[in-house]
Amino acid sequence: MSFHSMCATPLCYVKRAWHDKGLIIASLLFILSPNWLSDALKGDDALLVHTLGEIAPVLGTNRLYAVVLSFFILVGSAIALYNILPKKAPIRSLSPAKKPYPRRVLIISVSTPTLSFQFKTNPPCLHFTSAPEGCPQALALTGNLNEDIELFNTKNNTQHILRALKLHHESVEHIMLIGSTQLITQGTQSIEAGSQPHLATLGELLKFYCKLPVTLHTTPQGINFENVDALYKTFCKFIDKGRHHNCTEPEMIIDATGGQKTASIAASLATLHNRVAFQYVQTSHPFAVKSYDLMINQHPHFDA
């Protein structure tokens, strides 16, 4: 995976600016034009007035023209810098968000459940289909998200997904689940496993705790969570789908708690060139939700 050079030291920016005449000219005009405007307003015998007088004597003797011209130079140079500077500073933000807030779109990379289950709504409960000996075969749910989170054993990774929903369960309108697929070799046979077969059941469980009507979106087939390129493209497709449903980028968030480390890497990459954030739920006490709004100007490029 290769990226454009991302030098962030002041010296690097000076070197880039030295080779960019447009940035130099815009910077100089932005620095000088406030003085020109001030002098023109006060009627002082300024450099701009002298210059205008040499170019066009009529303009040079009219203070109004000097005021108007210096004002437009100031505004024009500010607009030029606004458009030039972000291109010269590849990394715009790598800081954690000060405070996570509820979103309308929640995109989740789903790990294979520790315990497979079936979700029943009347009464609400989970029936575990793969519970080891000595573990309860069913778990009665209260319908209160906070209380039900605590009912799960911390070794059950479904608990982490419920924690990921906790901040957004009153605002989310679209839940998008990305399933995994992997081949497990047992003797001479290869068995397909992963979280993809569990997405529908997990989606119904998440919708059960949401206050608004929720549309569930799932991947049509499992993604190899070790393939960063495929994961990155899948996250981007779901972001586009959120836009299609009239959701703005700040109203979307990717949960990068589940899956392998490569899933977290792909999730962060998918948020670099837009205003979509990603969150991570701590898997140990205090189980806080950390949100990151990373921004970069170039799209990541993947080597074949």
>> Just verifying a value: how many Å separate F225 CZ and T262 OG1, rounded to the nearest 0.5 Å?
In response: 8.0 Å
> Rounded to the nearest 0.5 Å, how far apart are SG of C247 and CD1 of I239?
Replying inline: 12.0 Å
> Are the side chain of D148 and the backbone of G143 linked by a donor-acceptor contact shorter than 3.5 Å?
Replying inline: yes
>> The criterion is side-chain hydrogen bond (donor to acceptor under 3.5 Å, both in side chains); which residues satisfy it with N144, sequence neighbours excluded?
In response: none
> For E204, what residues pass the side-chain hydrogen bond (donor to acceptor under 3.5 Å, both in side chains) criterion, not counting sequence neighbours?
Replying inline: none
> Does one hydrophobic cluster hold both L167 and I254, with members joined at side-chain heavy-atom distances below 4.5 Å?
Replying inline: no
> Rounded to the nearest 0.5 Å, how far apart are OG of S180 and CG of L199?
Replying inline: 8.0 Å
> Which pair of non-hydrogen atoms, one from R103 and one from A277, has the smallest distance, and what is that distance?
Replying inline: NH2-CB, 3.7 Å
> Residues in side chain to side chain contact (heavy atoms under 4.5 Å, CB included) with Y280, at least two apart?
Replying inline: T257, T283
> What salt bridge (Lys or Arg N to Asp or Glu O under 4.0 Å) pairs are there with at least one residue in residues 104-125, not counting sequence neighbours?
Replying inline: R104-E173, R104-E251
> salt bridge (charged side-chain N to carboxylate O under 4.0 Å, His left out) with E249: which residues, sequence neighbours excluded?
Replying inline: R243
>> List the residues meeting ring pair (Phe, Tyr, Trp, His ring centres under 6.0 Å) with H245, not counting sequence neighbours, and say none if there are none.
In response: H174, H217
> Taking only residues two or more places apart in sequence, or in another chain, which ones meet F72 in a ring pair (Phe, Tyr, Trp, His ring centres under 6.0 Å)?
Replying inline: none
>> N246: which residues meet the side-chain hydrogen bond (donor to acceptor under 3.5 Å, both in side chains) condition with it, sequence neighbours left out?
In response: none
>> Please find the pair of heavy atoms, one from C210 and one from L165, that lie closest to each other, and give the distance.
In response: SG-CD1, 4.0 Å
> If you measure from CD1 on I161 to CG on L106, what distance do you get to the nearest 0.5 Å?
Replying inline: 10.0 Å
> What residues form a side chain to side chain contact (heavy atoms under 4.5 Å, CB included) with E170, not counting sequence neighbours?
Replying inline: K211
>> My understanding is that only residues two or more places apart in sequence, or in another chain, count here; which of them pass side-chain hydrogen bond (donor to acceptor under 3.5 Å, both in side chains) with K207?
In response: none
> Nearest heavy-atom pair of A270 and F235: which atoms, and what distance?
Replying inline: CB-CB, 3.6 Å
>> Tell me every residue that passes side chain to side chain contact (heavy atoms under 4.5 Å, CB included) with T234, counting only those two or more places apart in sequence or in another chain.
In response: I178, T219, I223, F238
> Which atoms form the tightest heavy-atom contact between A256 and S264, and what is the distance?
Replying inline: O-OG, 2.8 Å
> Which atom names give the shortest non-hydrogen contact between V172 and V214, and what distance separates them?
Replying inline: O-CG2, 3.5 Å
>> Can you give me the closest heavy-atom contact between G179 and Q196, atom names plus distance?
In response: CA-OE1, 3.4 Å
>> Please report the interatomic distance CD1(I253) to OG1(T271), rounded to the nearest 0.5 Å.
In response: 9.5 Å
> Taking only residues two or more places apart in sequence, or in another chain, which ones meet F119 in a ring pair (Phe, Tyr, Trp, His ring centres under 6.0 Å)?
Replying inline: F208
>> For A164, is there any backbone N or O sitting under 3.5 Å from a side-chain donor or acceptor partner on Q279?
In response: yes
